[in-house]
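The structure under discussion appears below in the form of structure tokens.
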Amino acid sequence: MVSAGIAAPILTYLIRPLFGGPPRKAWVRIGKLEELPLNVPQRLAAARRVVEGWETVDSQVTAWVARLPDKIYVFDPHCTHLGCAYRWNQQSKEFVCPCHSGVFSLTGKVLSGPPPRPLDTYAYEVRDGFLYVDPVPIRHPAGGSS
Amino acid sequence: MSTRFQLSEWFDERLETRAIRRALFGRKIPKSSPTVEWIYTLGSVLLFFFILQAVTGMMLAMNYVASPDHAYDAVTYISTKAPLGWFIRGLHFWGASAMVVVVGAHMLTTYLSGSYKYPREATWVTGVFLFLIVMLFGFTGYLLPWNQKAYWATVVGTNIAGETPFIGQYILRFFRGGNEVGPQTLTRFYAMHVLILPAMLLTLIAVHLFMVVRQGISAPPVHHPEYDELDLETQHKLADEEYHRRKEAGESFYPYYLAKDVIAVVIAFSVVAFLAWKFSPEIGEIADPASTNFNPRPDWYFLFLFQALKYFPGSLESLAAVVLPSLALLILLALPFFDRRMRQHPLDRPVATAFGVSALVGVLALTVIGAKSPLLNPYVPEPPTVVMGARLFHQLNCAYCHSINGYGGTIGPDLVLDPLKHDKAWILAHLQSPGKVVERPGLRTAMTGLLPKESEDLYDYIEELQGGGPYSPAAPRLFYRNCGKCHTVAGHGGDKGPDLSGIGLTRSVSFIHRYIEDPKAIFSKSKMPAFKGKLSHMQVEDIARFLAHQRTPVASK
């Protein structure tokens with residue numbers, strides 16, 4: 001009984017973070033749409049204050065935004081393989097991940113390397129010419145594009 | 001009667017320590033060759049490294065704060081200011097690597113000599129868990145300096161755990177204390193590193209050592225082809241008899257083997273102390289989750305896994321990341337229970353030996369290939385003064401008055417979009433006491449209290465924002481070769497176009513960049529040729545940054 005009395009609160013304390021509910025929608029203004037060049041993805045960042053544990057920290061929301069003539073892609077800036085930050089290679093016109101050599105197309109499709117699925121995206125909205133994103137990654141099925 | 005003798009008598013009378021001392025120091029070690037005797041010292045060296053890690057770790061903890069706000073500063077302080085802090089951190093850092101090497105060698109020799117077999121199965125199992133704990137120490141300790149390397153290694157490492165089928169996401173969140181690597185991850189890792197893992201390690205070391213002392217160190221293997229025809233029980237009996245014979249013929253632990261242990265420990269410490277003295281671990285750049293120009297690489301002992309992961313595409317990822325390593329661990333744990341025959345000599349066990357050697361060669365080869373794999377991002381270190389300046393900018397709330405790229409206050413100029421209109425002395429005076437040089441209500445009394453070094457850092461940051469930050473050493477040559485016929489800078493060059501010695505006072509780097517690429521797009525009557533296509537984007541940027549640095553006022557013609 002004593003063991004259970006000790007173990008129960010300890011387990012709850014340890015395991016509670018595992019069951020955090022889905023994060024609430026938090027739109028962040030990340031940039032002006034008309035300033036984005038066509039077909040050349042830009043890495044945009046915006047400041048945001050979030051509560052993490054016991055402290056409120058100034059964190060940054062970053063996203064890769066590709067503005068195509070008919071569509072806008074807002075990508076989560078982490079490789080879908082193991083979460084490294086990828087970058088855009090303007091010469092080869094591909095997103096390249098420096099960790100395990102994952103390569104993605106402009107639309108987020110896996111071109112080569114170990115990533116299991118296309119780039120994750122963020123939900124976005126355009127209001128008054130500004131791009132707002134909700135920085136919660138949305139996964140897409142393997143094989144397709146984002 | 002000497003004091004020492006009196007004291008030992010006093011303890012003996014009360015605790016009967018004589019039997020314990022006899023068991024620890026008087027025990028006999030089976031006779032073996034001098035080479036094998038040195039292999040026997042690996043366990044003691046490992047124990048020494050654990051003590052070294054514990055002692056240096058306690059010292060480091062005295063100046064460490066497990067918070068993203070302070071962890072990096074604390075480690076920088078330890079490495080640069082605390083008396084001999086650099087050496088203590090070096091000992092801890094190299095001690096960790098040495099521990100991985102020695103634990104690997106200890107396991108390998110135990111495996112090759114078949115010492116995990118009867119009656120030492122449980123000793124082997126505790127040894128495998130000890131190996132796992134040592135690796136976990138490495139993994140959790142890695143995050144603590146909160147630099148780029150630490151941050152990204154932890155992102156990848158916890159994502160690997162997240163690949164576990166079915167429960168991966170729970171494991172990931174358990175380690176991270178949430179969805180992202182952040183303050184909660186740091187405190188969790190710190191608690192694991194300094195409290196939970198040491199407690200587990202101490203307990204397991206106690207059990208492991210108890211079994212080693214109780215059962216005796218295994219004798220070096222000899223050929224026994226005749227064992228194959230006997231049943232398991234007879235094999236055990238014969239092995240026991242032979243072991244006791246060889247043990248009786250051996251030397252006692254004290255003083256013979258203890259002396260060898262001491263020599264091995266002195267050598268091991270000398271190597272680690274030399275490395276700590278000559279090759280201090282780097283402090284690196286502060287962790288930046290938004291950075292894209294960093295090349296994440298794990299520490300050398302995880303490089304094999306890093307490289308192996310490149311060979312497993314998409315859906316097979318969890319196989320490489322979790323299933324295979326877990327399977328290898330399970331095989332190691334179960335080894336003494338399915339390989340039960342008493343053939344111990346490596347040549348009597350060709351399959352097991354070949355498997356062990358090829359696994360070792362495979363891990364070494366993957367480590368070397370991983371270490372040599374090209375870095376995709378060119379390494380552009382952020383100057384430390386600029387990093388410090390950026391932090392001061394936020395701490396002093398400069399954004400109340402100044403904006404960066406349009407975000408921030410509007411009282412002062414934007415530090416990216418508006419060109420700097422003043423020289424360095426003016427800006428430094430403004431940073432010290434904004435109100436002294438700018439006539440604005442409310443600013444008159446404002447004093448920042450910055451140290452001179454801090455003002456310089458903040459100035460460097462502003463320069464960086466202006467794009468006047470780092471330009472390559474080739475930039476001036478590039479300018480004079482392409483633009484020097486028409487333009488003058490610092491008294492050199494032609495006079496067809498305007499003198500650019502003061503261009504940085506009125507134009508920002510982005511403006512200069514755009515102008516060089518296509519002057520007519522900005523000023524339709526410009527006679528200057530467009531350089532887009534003639535110079536690469538990087539070359540234009542380099543020249544633009546060089547020019548943004550030119551702030552000598554020029555008298556207008």
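To find a chain, count down the sequence lines: A is the first, B the second, and so on, and within it residues start at 1.
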Part of [X] lying under 4.5 Å from any heavy atom of chain A:
X	value
B:Y311	neither
B:Q307	neither
B:T187	side chain
B:R188	side chain

_Surrounding NZ of B:K534 (heavy atoms of other residues, nucleotides or ligands, distance under 6.0 Å), is the total greater than 12?_
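Atom NZ in B:K534 is packed in, count exceeds 12.
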
*Give the member of B:A320, B:P289, B:G182, B:P183 that has the highest number of heavy-atom pairs under 4.5 Å with chain A.*
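Looking at each of B:A320, B:P289, B:G182, B:P183 in turn, B:P183 comes out on top.
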
_Return the OH to CH2 distance between B:Y142 and B:W152, rounded to the nearest 0.5 Å._
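Result: 14.5 Å between the selected atoms.
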
*chain B contact via A:H81 - which portion, at a heavy-atom distance below 4.5 Å*: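 When you check distances to chain B, atoms from both the backbone and side chain of A:H81 fall under 4.5 Å.
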
*Judged by modelled atom types alone, do A:D134 and A:Y122 share a side-chain donor-acceptor pair under 3.5 Å?*
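Their side chains do not contain a donor-acceptor pair, so the 3.5 Å distance test is not met.
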
*Would you call B:W146 and B:S67 a side-chain contact if the rule is heavy atoms closer than 4.5 Å?*
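In short, these two side chains do not touch, never coming nearer than 4.5 Å.
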
*Quick one: ring-ring contact (aromatic ring centres under 6.0 Å, His included) partners of A:F95, sequence neighbours excluded?*
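For A:F95 the ring-ring contact (aromatic ring centres under 6.0 Å, His included) partners, ignoring immediate neighbours, are A:W64, A:F75, A:Y86, A:W88.
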
